[in-house]
Protein chains: 2
Amino acid sequence: MEDFMTLKNQLCFAVYETAGEFNKLYSSVLQSFGLTYPQYLVLLALWEDDGVTHKELGEKLNLGTGTLTPMISRMEANDWVRKERSKEDERKVYIYLQEKAIEEKRTITKKVAEVIQSCQIELEEYEQLMQQLNTLQKKMRERKTN
Amino acid sequence: MEDFMTLKNQLCFAVYETAGEFNKLYSSVLQSFGLTYPQYLVLLALWEDDGVTHKELGEKLNLGTGTLTPMISRMEANDWVRKERSKEDERKVYIYLQEKAIEEKRTITKKVAEVIQSCQIELEEYEQLMQQLNTLQKKMRERKTN
DNA sequence: TATGATTTAATTGTACACGATTTAATTAAA
DNA sequence: TTTAATTAAATCGTGTACAATTAAATCATA
């Protein structure tokens with residue numbers, strides 16, 4: 001009978017640690033571009049869909065305004081993105097990629113892909129984990145709050 | 001052919017998001033005790049092994065002194081733990097649970113277990129994820145840095 | 001036994017992350 | 001149409017998280 005109260009047997013801790021490992025791994029590549037790991041996630045979102053509103057970006061990344069606003073400001077200061085307030089609805093702010101972010105896309109993603117490949121993760125392993133994590137997330141979000 | 005550059009197809013993002021969900025889920029229980037999720041992880045480690053050094057605790061949790069020192073200070077201020085500098089080697093600091101942390105253990109872990117159970121995670125699912133995350137972590141830590 | 005290297009924590013600076021509040025713009029209702 | 005409710009960002013306060021530096025204690029060795 002396993003002890004479920006042990007730190008190393010806690011799923012939450014395994015996820016917490018893995019997230020930390022990803023952060024470190026990605027940072028090791030990204031720092032040479034002057035990017036942090038969360039900032040890279042913002043770029044990923046924008047490369048996929050440029051010119052979204054602050055709100056939409058936050059929803060995509062699961063980040064609130066208290067996190068996103070200062071982060072976007074830093075990325076603006078470093079010429080990765082630019083903000084533009086909507087003319088039709090002045091409450092909305094659109095986020096656009098700057099040339100730098102478009103130009104460097106290939107270089108950055110190539111470097112990142114290289115590091116990930118150096119981990120030798122099997123495709124099957126990758127996909128299984130993705131699927132299981134998504135299932136888990138769904139359960140956590142949809143749990144019945146008695 | 002899947003697009004691996006998509007945010008939702010990124011394993012790193014799935015892990016990042018899941019960690020966030022765990023944080024929120026656990027926080028919903030822990031806030032009534034005046035605990036944060038990382039602080040709960042510290043308690044988990046100490047319930048398992050009380051009176052370890054600052055260094056050992058950091059290794060167990062994968063946290064550096066820059067994170068742990070202020071966190072332990074806050075937990076000390078809230079009567080969860082106490083610090084004691086070693087007599088034999090004054091560089092070392094031992095961390096001990098306070099009565100409050102020992103007394104409340106059952107109540108806290110019971111509440112946490114309830115919330116986790118409300119997510120309806122299958123045992124098989126749980127164990128598979130644990131195992132896969134550990135394998136992944138190992139690969140990320142041991143990758144050959146060309 | 002001095003001195004240089006190592007070890008352990010604390011400190012500093014930057015960057016998330018989140019809940020709560022505030023502010024401004026838009027929309028809905030009386 | 002004025003007022004009330006809602007929405008979108010920004011701001012604030014607290015708490016991680018980490019790399020780099022500092023400071024103090026111990027150890028190694030010449």
Side-chain angles (χ1 to χ4, degrees), chain A residues 12-13 16-28 30-43 52-59 61-78 80-81 83-95, chain B residues 12-13 16-28 30-43 52-59 61-78 80-81 83-95:
Chain A
C12 67
F13 186 60
Y16 169 86
E17 269 194 304
T18 311
E21 290 299 327
F22 266 119
N23 196 330
K24 279 179 213 169
L25 188 60
Y26 277 72
S27 297
S28 72
L30 297 169
Q31 62 172 350
S32 63
F33 297 99
L35 279 172
T36 66
Y37 173 53
Q39 286 173 11
Y40 169 74
L41 293 179
V42 167
L43 288 186
V52 294
T53 65
H54 182 103
K55 180 185 158 70
E56 286 163 342
L57 188 57
E59 280 164 355
L61 294 164
N62 256 301
L63 291 176
T65 150
T67 304
L68 209 49
T69 299
M71 201 165 126
I72 294 297
S73 293
R74 281 185 289 269
M75 294 183 74
E76 199 183 13
N78 292 321
W80 293 110
V81 299
K83 292 195 289 188
E84 196 177 307
R85 207 162 268 278
S86 167
K87 291 281 198 312
E88 305 85 49
D89 185 343
E90 296 215 11
R91 289 171 305 182
K92 294 184 184 171
V93 169
Y94 287 98
I95 320 284
Chain B
C12 67
F13 186 60
Y16 169 87
E17 268 194 306
T18 310
E21 290 299 326
F22 267 119
N23 195 330
K24 279 179 213 169
L25 189 60
Y26 276 72
S27 297
S28 72
L30 297 168
Q31 63 170 348
S32 64
F33 296 100
L35 280 172
T36 66
Y37 173 52
Q39 286 173 11
Y40 168 74
L41 294 179
V42 168
L43 288 186
V52 294
T53 64
H54 182 103
K55 179 184 158 70
E56 288 163 340
L57 189 56
E59 279 164 356
L61 294 164
N62 257 300
L63 290 177
T65 150
T67 304
L68 209 50
T69 299
M71 201 165 124
I72 294 296
S73 293
R74 280 185 289 269
M75 292 183 75
E76 199 183 15
N78 292 321
W80 293 110
V81 299
K83 292 194 288 188
E84 196 176 309
R85 207 162 269 278
S86 167
K87 291 279 197 314
E88 304 85 49
D89 185 344
E90 298 216 12
R91 291 171 303 182
K92 294 184 184 171
V93 170
Y94 288 98
I95 319 284

ask   = Reckon A:Glu59 touches a base, only the sugar-phosphate, or nothing at all at heavy-atom distances under 4.0 Å?
value = nothing
Residue pair B:Arg85 / B:Lys92, side-chain heavy-atom distance below 4.5 Å = no
message = Can you measure A:Leu35 atom CG to C:dA15 atom C1' for me and round it to whole angstrom units?
response = 13 Å
Partner set under side-chain hydrogen bond (donor to acceptor under 3.5 Å, both in side chains) for A:Glu59, not counting sequence neighbours = A:Lys55
key: Aromatic ring pairing B:Tyr26/B:Phe22, orientation class (parallel under 30°, perpendicular over 60°, tilted between)   = tilted
ask   = Atom CZ of B:Arg74 to atom C1' of C:dA10: distance rounded to whole Å?
value = 14 Å
ask   = Watson-Crick or G-U wobble partner for C:dA30, using a 3.5 Å limit on both distances?
value = D:dT1
request  = For A:Asn23 and C:dA15, give me the distance from atom CG to atom P, rounded to whole Å.
outcome  = 14 Å
Comparing A:Asn62 and B:Thr53 on DNA chain C - which has the more 5′ nearest nucleotide = B:Thr53
ask   = A:Tyr37 has an atom OH; how far is it from atom C1' of C:dA17, in whole Å?
value = 14 Å
inquiry  = Is the shortest side-chain heavy-atom distance between B:Pro70 and B:Arg74 below 4.5 Å?
reply    = yes
ask   = Checking all strands, does A:Glu88 fall into the base, sugar-phosphate, or nothing category for heavy-atom contacts under 4.0 angstrom?
value = sugar-phosphate
task = Take the protein atom CD of B:Gln31 and the nucleotide atom C1' of C:dA17, then report the distance between them rounded to whole Å.
result = 15 Å
message = Is there a side-chain contact between B:Lys92 and the phosphate of C:dT8, meaning an N or O under 4.0 Å from OP1 or OP2?
response = no
key: Touch class at under 4.0 angstrom, heavy-atom based, for A:Tyr94 against every strand present   = nothing
query = Given side chains that start at C-beta, do those of B:Ser27 and B:Tyr40 come closer than 4.5 Å, heavy atoms only?
reply = no
ask   = A:Leu68 CG to C:dC18 C1': how many Å, rounded?
value = 13 Å
key: Contact boundaries on DNA chain D for chain A, cut-off under 4.0 Å to non-hydrogen atoms   = D:dT7 to D:dC18
query = Under a 4.5 Å cut-off applied to non-hydrogen side-chain atoms, are B:Leu61 and A:Phe13 in contact?
reply = yes
ask   = Taking OP1 and OP2 of C:dC16, is either one under 4.0 Å from a side-chain nitrogen or oxygen of A:Thr36?
value = yes
inquiry  = For a quick check of understanding: with a heavy-atom distance under 4.0 Å over all strands, which category does A:Ser27 fall into, base, sugar-phosphate or nothing?
reply    = nothing
note = Quick note, B:Val93 side chain, CB onward, closest among C:dA10, C:dT8, C:dC18 is C:dA10
request  = Specify the separation, in whole Å, of atom NZ of A:Lys24 and atom C1' of C:dA15.
outcome  = 16 Å
remark   = Comparing nearest nucleotides in DNA chain D, the 5'-proximal residue of the pair A:Gly20, A:Glu56 is A:Glu56
query = Do the non-hydrogen side-chain atoms of A:Tyr94 and A:Val52 ever get within less than 4.5 Å of each other?
reply = no
remark   = Taken to the nearest whole Å, CZ/A:Arg91 to C1'/C:dT22 is 16 Å
request  = Decide yes or no for B:Trp80 and B:Leu35: does some side-chain heavy atom of the first lie under 4.5 Å from some side-chain heavy atom of the second?
outcome  = yes
